[in-house]
There are 2 protein chains.
Amino acid sequence: MADGPTINTIAERAGVSIASVSRVLNGLPTRQETVRKVMAAADELGYVRNAVARSLKSRRTNQVAFAMADIGNPAYLAMLRQIQPVLKAAGYRLVLHSTDAVVADEIDVLHGLGERYVDGLIMSPLRVTDAHLELLAAARAPVVIIGSVPEGTRVDNVRADSRTGVRLAVDHLYSLGRRRIALVNGPLDTVPGAARGAAYREALEDLGLPYDENLVQVGDFYRPEGGRAVAELLARVPDVDALMCANDLIALGALDVLRAAGRRVPDDVAVVGMDDTDLAAASWPSLSSVSLGSAERGKVAAELLLERLKGGEHEPRRVTVPPHLVVRASTAGAGPDERAARGGSREAGGAGERGAGS
Amino acid sequence: MADGPTINTIAERAGVSIASVSRVLNGLPTRQETVRKVMAAADELGYVRNAVARSLKSRRTNQVAFAMADIGNPAYLAMLRQIQPVLKAAGYRLVLHSTDAVVADEIDVLHGLGERYVDGLIMSPLRVTDAHLELLAAARAPVVIIGSVPEGTRVDNVRADSRTGVRLAVDHLYSLGRRRIALVNGPLDTVPGAARGAAYREALEDLGLPYDENLVQVGDFYRPEGGRAVAELLARVPDVDALMCANDLIALGALDVLRAAGRRVPDDVAVVGMDDTDLAAASWPSLSSVSLGSAERGKVAAELLLERLKGGEHEPRRVTVPPHLVVRASTAGAGPDERAARGGSREAGGAGERGAGS
DNA sequence: CAAGAAGCTGTAAACGTTTACCGTTGTTTG
DNA sequence: CAAACAACGGTAAACGTTTACAGCTTCTTG
């Protein structure tokens with residue numbers, strides 16, 4: 001691994017100055033003869049530009065960081081899948097951070113912006129603390145936040161609308177004739193847990209349905225916990241006819257328990273999940289789910305950041321991505337025809353394996 | 001965004017030379033008084049080291065690239081999830097490339113190593129072409145390949161053993177008393193397709209079962225195609241009692257079709273998938289699947305790379321990660337107890353949402 | 001044909017660090 | 001008290017680029 005050729009090596013071999021070499025490599029106007037000599041020398045030596053030196057001088061790294069809370073979370077993964085191609089097309093490399101939803105790690109990432117190893121950052125913080133805000137205000141590179149920030153924070157941000165999302169689901173269940181609609185939620189001290197709880201209550205009110213505490217069960221955002229929560233719920237309120245689950249994993253747990261209890265889905269109990277992950281399409285019965293537009297949020301965030309990087313100084317922008325409901329078998333009375341078509345749903349293809357393994 | 005302070009700003013304010021500042025910041029022996037002055041100045045100014053300048057001088061970027069074929073593929077994702085923390089713990093940032101399984105993109109990445117924006121690379125190429133080999137031989141930074149490379153290639157590599165994987169599955173089905181074991185494969189012109197086809201044949205032979213062409217159906221590595229393939233198979237060989245599917249998506253398609261056809265799983269037909277993705281645990285019935293150790297391969301690859309980066313020049317290493325079979329309901333006659341436990345399988349937790357959305 | 005313009009190219013400085021080398025100061029010791 | 005030595009800290013070069021500026025040709029034009 002001998003040291004590679006530099007611009008100096010080329011200059012020497014081509015018999016010109018390093019300035020000329022640089023000009024040729026950057027396509028600046030140069031005499032044809034010089035171009036030829038430099039190109040020839042560069043080719044022979046297998047020259048490749050040193051990105052680090054270039055960054056130092058130009059003050060641009062052509063790198064953008066994405067700090068995701070958890071690689072394993074399909075919602076963040078969906079963002080990543082959209083962000084990556086957008087950045088790539090614009091000539092940026094992607095530096096990936098997984099903060100494991102630990103605030104200290106997020107702070108580290110923000111602080112690290114000062115190291116100038118990236119030109120910008122997209123971050124989806126679990127929750128926004130004062131430390132976040134302080135660093136955001138002083139950030140030495142553009143940042144786009146995926147999620148909500150306090151009113152008045154001068155940062156571009158892209159948010160979901162889980163409130164409308166919950167409403168979509170509840171309205172859907174109502175339109176199917178369900179009147180005992182329960183909420184299976186995650187912890188209330190999390191941002192999404194609290195938001196979904198409040199939205200559920202509102203949605204019921206607007207429909208003129210009574211809010212019944214017995215119909216709300218709090219567990220955690222995982223499958224076994226979701227199942228347990230539903231089991232308790234069934235014991236307490238046997239006549240429940242619909243479950244609004246705060247995410248897809250909870251909904252899968254619900255399906256497990258309903259099946260074990262001999263309740264038919266959707267005939268006896270209809271089930272709606274949230275986030276519309278791959279798992280929703282894969283489960284049996286396939287799961288109706290509210291998409292909060294994770295993919296779209298990722299895409300928009302990347303585009304906002306690119307605009308900033310292009311230089312236009314403008315006011316911080318705030319974009320809200322609307323949710324939408326994806327109806328599948330767990331709420332539609334799925335006949336045999338629909339079953340056959342189910343496998344072809346949007347998500348199934350994307351999760352495909354093309355050539356792994358061997 | 002005024003230009004941040006540099007080592008010069010600090011030197012000025014502290015009344016010392018830049019050399020002293022650098023020494024203090026790097027913890028080299030320095031008089032206590034000087035340390036104090038420099039630290040104070042650095043703190044007041046909110047100084048952060050410029051990573052680019054540092055890299056230029058030190059010739060290390062503290063970045064490692066991972067070139068994955070497809071972000072959407074759960075197998076590669078599993079690798080990423082293991083690679084990330086290993087690198088992070090060692091102080092490296094992760095630059096993520098998605099090559100979309102396009103050879104030209106992979107070549108670009110290898111060529112890009114010359115830009116020296118990373119200290120090393122982990123790559124999982126779809127297939128290895130001559131162009132790959134040429135660039136690998138001349139690579140100016142350590143590379144670890146996840147997958148197979150031709151004998152004699154001087155590169156660290158980590159490979160799966162899908163042959164043994166297929167055998168594990170077939171043996172398992174045999175041990176359950178199944179004798180009409182079909183293979184539902186993907187295209188034979190892909191590396192995994194070919195390997196799995198051959199391994200299936202071998203496994204049957206070793207068990208003394210006849211190889212029956214009718215029992216082999218070729219489709220594609222996706223769910224709807226998998227379903228179609230199984231439909232044809234059932235029409236042709238109604239007495240089939242077990243399906244070895246070349247990946248989990250095919251297996252999910254198989255479950256769809258078997259259910260529609262009124263065949264009970266596993267009682268009438270047992271089904272095994274491959275890759276052991278999240279979907280296997282989520283489906284109903286949950287899917288037995290052969291894990292080819294994607295996660296483990298990622299971890300090992302990262303460790304091999306770190307060793308290289310630590311400097312020891314040693315012979316290229318080749319590690320083969322053994323596959324293992326994860327038995328779930330689609331082959332075990334699952335009683336009610338096992339059903340309840342199902343949600344707690346290894347994969348389910350990891351896919352959890354902790355705080356997305358809001 | 002002289003003078004000015006236009007087109008290239010080379011010199012050198014700069015980006016922000018790290019570090020080899022040398023000079024200064026203060027301490028120890030014969 | 002002088003000499004030797006240790007401990008620090010400053011100067012300057014280097015990492016590999018880009019680019020402002022000035023100098024040299026060559027061409028155009030009056």
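Just so it is clear: chains get the letters A, B, ... in the order the sequence lines come, proteins before strands, and each one is counted from 1.
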Let me have the donor-acceptor pairs involving side chains of residues 103-110 of chain B, under 3.5 Å, with sequence neighbours excluded, atom names and distances please.
from, atom 1, to, atom 2, distance (Å)
B/D105, OD2, A/K88, NZ, 2.8
B/E106, OE1, B/H132, NE2, 2.6
B/E106, OE2, B/L126, N, 3.2

Between P of C/dT19 and NZ of B/K57, the distance in whole Å: 7 Å
Value in whole Å for how far the P atom of C/dT9 lies from CG of A/N26: 15 Å
Whether over 12 other heavy atoms sit under 6.0 Å from B/E12 CD: no
Polar side chain donor-acceptor pair, A/R54 to A/N26, under 3.5 angstrom: yes
Pairing residues for B/L56 by the side-chain contact (heavy atoms from CB on, under 4.5 Å) criterion, not counting sequence neighbours: A/V52, A/A53, A/L56
Whole-Å distance separating the CG atom of B/L25 from the P atom of C/dT18: 7 Å
Can you check nucleotides 8-10 of chain D for protein contacts, nitrogen or oxygen pairs under 3.5 Å, and list what you find?
from, atom 1, to, atom 2, distance (Å)
D/dG9, OP1, B/R31, NE, 2.9
D/dG9, OP1, B/R31, NH2, 3.1
D/dG9, OP1, B/T34, OG1, 2.3
D/dG9, OP2, B/R31, N, 3.3
D/dG10, OP2, B/S17, N, 2.9
D/dG10, OP2, B/S17, OG, 2.9
D/dG10, OP2, B/S20, OG, 2.8
D/dG10, N7, B/R23, NH2, 2.9
D/dG10, O6, B/R23, NH1, 3.0

Short side-chain N/O contact from A/N50 to OP1 or OP2 of D/dC15, under 4.0 Å: no
CG (B/D130) with more than 12 external heavy atoms under 6.0 Å: no
Selection residues 18-40 of chain A - residue pairs positive for salt bridge (Lys or Arg N to Asp or Glu O under 4.0 Å), sequence neighbours left out: A/E33-A/R36
Pair B/R308 + B/E303: basic N to acidic O under 4.0 Å: no
Rounded interatomic separation in angstrom, taking CZ from A/R116 and P from C/dT17: 11 Å
B/Y117 side chain near D/dT17 phosphate (N/O to OP1/OP2, under 4.0 Å): no
Phosphate contact (C/dG16 OP1 or OP2) by A/R59 side-chain N/O below 4.0 Å: yes
Set of residues satisfying salt bridge (Lys or Arg N to Asp or Glu O under 4.0 Å) with respect to A/E44, sequence neighbours excluded: A/R13
Overall bend - the helix from C/dC1-D/dG30 to C/dG30-D/dC1, comparing terminal axes fitted on five pairs, nearest 10 degrees: 50°
Atom-to-atom span, CZ of B/R54 to P of D/dG16 - whole angstrom: 18 Å
